[in-house]
Amino acid sequence: MAQHGIESVLVAGRGPAACAVIAACSRLDVKSVAVYSEAERSARHVRLADDAVLLGPAPAVDSYLAVDRIVEAARRSGVAAVLPVPPALAGNAALAGEVAAAGLTWIGPPAEVLERLGGDGVEPASEHGLLALVTDEGLRYPTPVARDRAAGIARVSWTPEPPLEVPPGAKRLAEVGWRGLVTVGVSEDGELGEIAAGFSLDMAVLERAHRVDAVDLALAVAAGERGPRRRTPEERPPRAAVAVQLRATLPPGRAGRVTGRLPDSGLLRGATGRTEVVAVSGYGPGDRLDGWYDALLATVSAGGDDTATAARAAAAALSGLPETGVPHDGEEVCAVLGRLADGDPAPGG
């Protein structure tokens, strides 16, 4: 039986993040319908889904980001809900409003809340942030996060030790009507910065730290449920977690083809069961890496007793990759992880 009474969802997104969401839907017995552009008819997220709908031409503005095309695809596919994956869609108030007007369930904050708070639609860029699930009861699974910003993008994110305080402003999100997953940037003085809905690339840190499934949490809140029973810290305390992104380093706009295996182990556990590693690839051998889109190839996240242990586990998943056919930043990412494993609190420098 489908989880939370939601039997089918249109997964609005692409790449490794959409692949992860579609895999979670399968585990939860929820039918997934992917969307794709003319350039990605046989993309991995399309192959993984139960069904798929063409949105339009290759440019993202005419396909993956086109509000009218997404809503029409949801209508045609007969799904019960729309699950936006990237913050660019999850924070789009116009899309949220159109989905609701079509009589479908929007899995995320209501349109009026996104308009008021400005769900920024971008991955938070601050060095520090907070991940959480916002419910009627307030914040659940609050997870402070630190980010490596040396490359201009957050290649590596982790739970800082000791954990940072939860900003007071974040605690008020439930009062103003935000519901669902949230990623916020936090300034040096502890004030809230960017606010993003959806499955930010940091969200795997929350999943590994608290041993939860973010798709399960998002569906529960959208269905008006309280979500999984809250475990006390004594029952299952949060653990350290790390999430990394493997990106192609092709010149902007240049296409490539993946010829080798990328990290895509699914769920692996250490020999003791105390360390967890999850790797998700957006591409398989033979897949074209199109120059129209984001260069993210795969993500790896790990949870362990401490940050050093989690960093070493994530690095192990990236080590020894065969020739992939496209250049990538794996060496640089592993260098950051190595410094984290050595106890450097600011490994991006």
List the steps, then state whether salt bridge (Lys or Arg N to Asp or Glu O under 4.0 Å) holds for Glu72 with Arg69. CA-CA 5 Å; Glu72 179 57 28; Arg69 293 174 185 263; over 6 Å; no
Using a distance-only test with no angle check, is there a side-chain donor-acceptor pair under 3.5 angstrom linking Asp202 and Ser157? yes
Does the pair Thr143 and His210 meet the rule for a side chain to side chain contact (heavy atoms under 4.5 Å, CB included), with working shown? CA-CA 9 Å; Thr143 309; His210 294 275; 3.0 Å; yes
Contact check, side chains of Val336 and Val244, non-hydrogen atoms, under 4.5 Å: no
Hey, is CD on Glu165 packed in by over 12 heavy atoms from elsewhere, all under 6.0 Å? no
Drop me the distance from Gln245's CD to Glu123's CD, to the nearest 0.5 angstrom. 7.0 Å
Quick check against the 3.5 Å criterion: does Arg339 have a side-chain atom that pairs as donor or acceptor with the backbone of Asp344? no
Heavy-atom nearest pair, Ser200 first then Pro87, reads CA-CG, 4.2 Å
Side chain to side chain contact (heavy atoms under 4.5 Å, CB included), that's the test. Do Ile195 and Trp178 meet it? Break it down for me. CA-CA 11 Å; Ile195 303 177; Trp178 191 284; 3.5 Å; yes
Would you say that Leu296 contacts Leu201 through its side chain, given a criterion of any heavy-atom pair below 4.5 Å between the two side chains? yes
Report, as yes or no, whether the 6.0 Å neighbourhood of atom CZ on Arg76 holds more than 12 heavy atoms from other residues, nucleotides or ligands. yes
Carefully, step by step, assess Leu83 and Val30 under the rule side chain to side chain contact (heavy atoms under 4.5 Å, CB included). CA-CA 12 Å; Leu83 197 165; Val30 175; over 6 Å; no
Decide salt bridge (Lys or Arg N to Asp or Glu O under 4.0 Å) for Asp287 and Arg44; before the verdict, give the C-alpha distance in whole Å, the side-chain angles of both, and the deciding distance to 0.1 Å. CA-CA 8 Å; Asp287 285 347; Arg44 188 165 190 266; 5.9 Å; no
Is Val242 reachable from Leu164 through a run of I, L, V, M, F, W or Y residues, each pair having side-chain heavy atoms under 4.5 Å apart? no
Verdict with reasoning, Met203 to Thr183, per side chain to side chain contact (heavy atoms under 4.5 Å, CB included): CA-CA 8 Å; Met203 195 55 65; Thr183 303; 3.5 Å; yes
Please examine the side chains of Ile70 and Leu89, heavy atoms only from C-beta on, and report whether any two atoms are closer than 4.5 Å. yes
Which distance, rounded to the nearest 0.5 Å, do you find between the CG of Asn92 and the CG of Leu114? 8.0 Å
Of the non-hydrogen atoms in Ala214 and Glu207, which two are nearest, and what is the gap between them? N-OE2, 2.8 Å
How many angstroms lie between atom CG of Asp306 and atom CG of Leu340, to the nearest 0.5 angstrom? 11.0 Å
How close do Leu206 and Tyr141 get, counting heavy atoms only, and between which atoms? CD1-O, 3.3 Å
Does Arg247 offer a backbone N or O that forms a donor-acceptor pair with the side chain of Asp329 under 3.5 Å? yes
Looking only at side-chain N and O atoms, does Ser301 offer a donor or acceptor that is under 3.5 Å from a partner on Arg208? yes
Measure the shortest side-chain to side-chain distance between Tyr36 and Ser42 over non-hydrogen atoms and say whether it is less than 4.5 angstrom. no
Would you say the side chains of Ser37 and Ser63 form a donor-acceptor pair under 3.5 Å? no
Using a 6.0 Å cut-off, check whether atom CD of Glu127 has over 12 heavy atoms from anything other than its own residue. no
Sidechain-backbone polar pair: Tyr293 side chain, Ala58 backbone, donor-acceptor under 3.5 Å: yes
Given Lys31 and Asp50, is the salt bridge (Lys or Arg N to Asp or Glu O under 4.0 Å) satisfied, shown in steps? CA-CA 6 Å; Lys31 178 183 177 181; Asp50 297 304; over 6 Å; no
Where the side chain of His4 meets the backbone of Ile6, is there a donor-acceptor pair that is under 3.5 Å apart? no
With the side chain counted from C-beta on, respond yes when Pro124 and Val184 share a heavy-atom pair under 4.5 Å apart, and no when they do not. no
Can you give me the closest heavy-atom contact between Thr135 and Arg140, atom names plus distance? CG2-CD, 3.8 Å
Spatial distance of atom CG (Leu54) from atom CD (Glu40) [nearest 0.5 Å]: 11.5 Å
Output the distance between atom CG (Leu55) and atom CG (Asp62), rounded to the nearest 0.5 Å. 10.5 Å
Would you call Leu246 and Leu321 a side-chain contact if the rule is heavy atoms closer than 4.5 Å? yes
Which pair of non-hydrogen atoms, one from Ser32 and one from Val11, has the smallest distance, and what is that distance? CB-CG2, 4.2 Å
Check whether any side-chain N or O of Arg239 sits under 3.5 Å from a backbone N or O of Asp305 as a donor-acceptor pair, and report yes or no. no
Could you state the interatomic distance from NE2 (His328) to CG (Leu289), rounded to the nearest 0.5 Å? 12.0 Å
Give me the atom names and distance for the closest heavy-atom approach of Ser126 to Gly185. OG-CA, 3.7 Å
Contact check, side chains of Arg14 and Val35, non-hydrogen atoms, under 4.5 Å: no
Would you indicate whether the side-chain heavy atoms of Pro285 and Thr259 approach each other to under 4.5 Å? no
